[in-house]
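Just so we're clear, the structure is a prediction, and the values are computed from it rather than from any experiment. Below, read A as the first sequence line, B as the second, and so on, with proteins coming before strands; counting in each chain starts at 1.
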Protein chains: 2
Amino acid sequence: MSIQTKMTDSSTTTPINSADSAKQTDNCAAQIMGLLKQDILNGYFKPGEKLRMNRLKERYNVGISPLREALSQLLIEQLVIVENQRGFTVHPISKTEMIDIYQTRAHIEQLCIELAIERGNDDWEAGIIAAAHSMRKFHPKLEQEPQEWERRHQAFHTAIASGCESPTLLHVRRSLYEKASRYRNLWLQDNMQQRTVFDDNQKEHDALIDALIEKDTVNAKAIIKAHLLGPSRLLWQSTSFD
Amino acid sequence: MSIQTKMTDSSTTTPINSADSAKQTDNCAAQIMGLLKQDILNGYFKPGEKLRMNRLKERYNVGISPLREALSQLLIEQLVIVENQRGFTVHPISKTEMIDIYQTRAHIEQLCIELAIERGNDDWEAGIIAAAHSMRKFHPKLEQEPQEWERRHQAFHTAIASGCESPTLLHVRRSLYEKASRYRNLWLQDNMQQRTVFDDNQKEHDALIDALIEKDTVNAKAIIKAHLLGPSRLLWQSTSFD
DNA sequence: TAAGACAATAATGTCGACATTTTTATATTT
DNA sequence: AAATATAAAAATGTCGACATTATTGTCTTA
């Protein structure tokens, strides 16, 4: 019935593995880690919620050992916290932390862009154009499949940042993106209908591409900062939490 | 005989817990995580070395479960890697990765300083002066207790960076410092006798403090970059690995 | 009625055991 | 003798079980 013992039986694994990118080469704990991360980032497990082992066992159909491993990995990314003999808890959210994460993210993104303009070659520019095209084509279907649009949006910005050609810096960037996405998901549920916000987004994207091609570092950094921090300001002002 | 079942028996726990900062409030896995990290950073476990469970069990006197948990935590920090059904391995080192880590670290440190100069108050300046004094007083005993000097050196730079008042950014900074310390420890074993390097260090520290007090961001950023990347250049040129 | 002590319940953290897989050693064949 | 196939050995990854600890509910008492 569990994942790892019946690896040949596809009927039991598919309902779990079909959810997202779970490489078959990874062991059970790594797969659970991905699923658990998704559930936390998407808000299935609420901030501050206690993660009881029995419930997790039932949800993912695995034993305690891989669960503890998966939770341990999320521990370092500060998505869960642990207290001795009191189990695991979803990391609580706070307005101060959110502001800190978003501002740090803006600084890191600026750094990526600065280095990318220095080091980026033609392939880098081509990758940006391609990602922008992919995102622009999907713009009409924004309301229908928002998460696919978000995927392409992320791919666009990743194509830009990857020009820095620093795996270490990109690792930091990814970690911050994931932390921020918790707050973003909470926000998107309320503000998805605001189409105008996304139209402004599109204009900023075009301006950003122009600045990148022209290697205008100062302008590009200003645009990306506004692009990241602009929408989050709405969230800061809301007094829904903290 | 194990740690957690005989928590009242101090005779068996002290030889393990006395090694370093292992809070009694943490569970067994967290303590093992700290010890394991130390052993990897200090080079007890060599890069690329296979971490056999039986050996780890004997070394730390615990079962498999807490070991897997501890290793899972180090997995995210990229200190160990794991392959399905082939166990854990110490993350290998490479010259390209080292260069990337050090350069990223320099950028992050510059960012911390830039923000610290903006946001830092009198307490921040006082903390720097105090840490510098503590380090300077220990300078004569550098050869006798190099690791205590290193601790004070780190405390000095942390006092500076903490002025940015961004837990998220400081978390990133700490993570990069730990990754870099693997390479630094390998280097220190060979170059500890070079006293002149540390004397240059001292001059740079004084210049850095001056720039910080005068809120000379440009100068401070240049100094910290040279301070971080200067010594590492020696390591880059050595062809001892990769 | 409210506060505190005590018992019952539930949950956590670790170990040992078992099935599966990888690695090593041996034997066989050309 | 070298290469492949086979068998033995070791190591990994997961689960169930047990001791310890926290939490909840109940009962007593002021």
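- Contact check on B:E178 versus B:R184 returns no salt bridge, with no Lys/Arg side-chain nitrogen under 4.0 Å from an Asp/Glu carboxylate oxygen.
- In this entry the distance linking CG of B:L67 with P of C:dG16 reads 12 Å, nearest Å.
- Per the geometry, CG belonging to B:L56 stands 16 Å off P belonging to C:dT14, to the nearest Å.
- A salt bridge (Lys or Arg N to Asp or Glu O under 4.0 Å) check over residues 98-111 of chain A, counting only residues at least two apart or in different chains, returns the pairs A:E109-A:R173.
- Scanning for side chain to side chain donor-acceptor pair (under 3.5 Å) contacts around B:R151 gives B:E148, with sequence neighbours left out.
- Remark: B:Q78 engages B:K179 in a side chain to side chain donor-acceptor pair (under 3.5 Å) (not counting sequence neighbours).
- As rounded to whole Å, 15 Å separates atom P of C:dG13 from atom CE of B:M33.
- Residues that satisfy the side chain to side chain donor-acceptor pair (under 3.5 Å) test with A:T89, not counting sequence neighbours, are absent from this structure.
- Atom NZ of A:K57 is separated from atom C1' of C:dA11 by 11 Å (rounded to the nearest Å).
- Taking atom CD of B:E69 as the reference point, atom P of C:dC15 lies 10 Å away to the nearest angstrom.
- Under the rule for a side chain to side chain donor-acceptor pair (under 3.5 Å), A:E165 has no partner lying at least two apart in sequence or in another chain.
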Could you list all N or O pairs between the protein and nucleotides 10-12 of chain D that sit under 3.5 Å apart?
residue	atom	partner	partner atom	Å
D:dA11	OP2	B:N54	ND2	3.3
D:dT12	OP2	B:M53	N	3.3

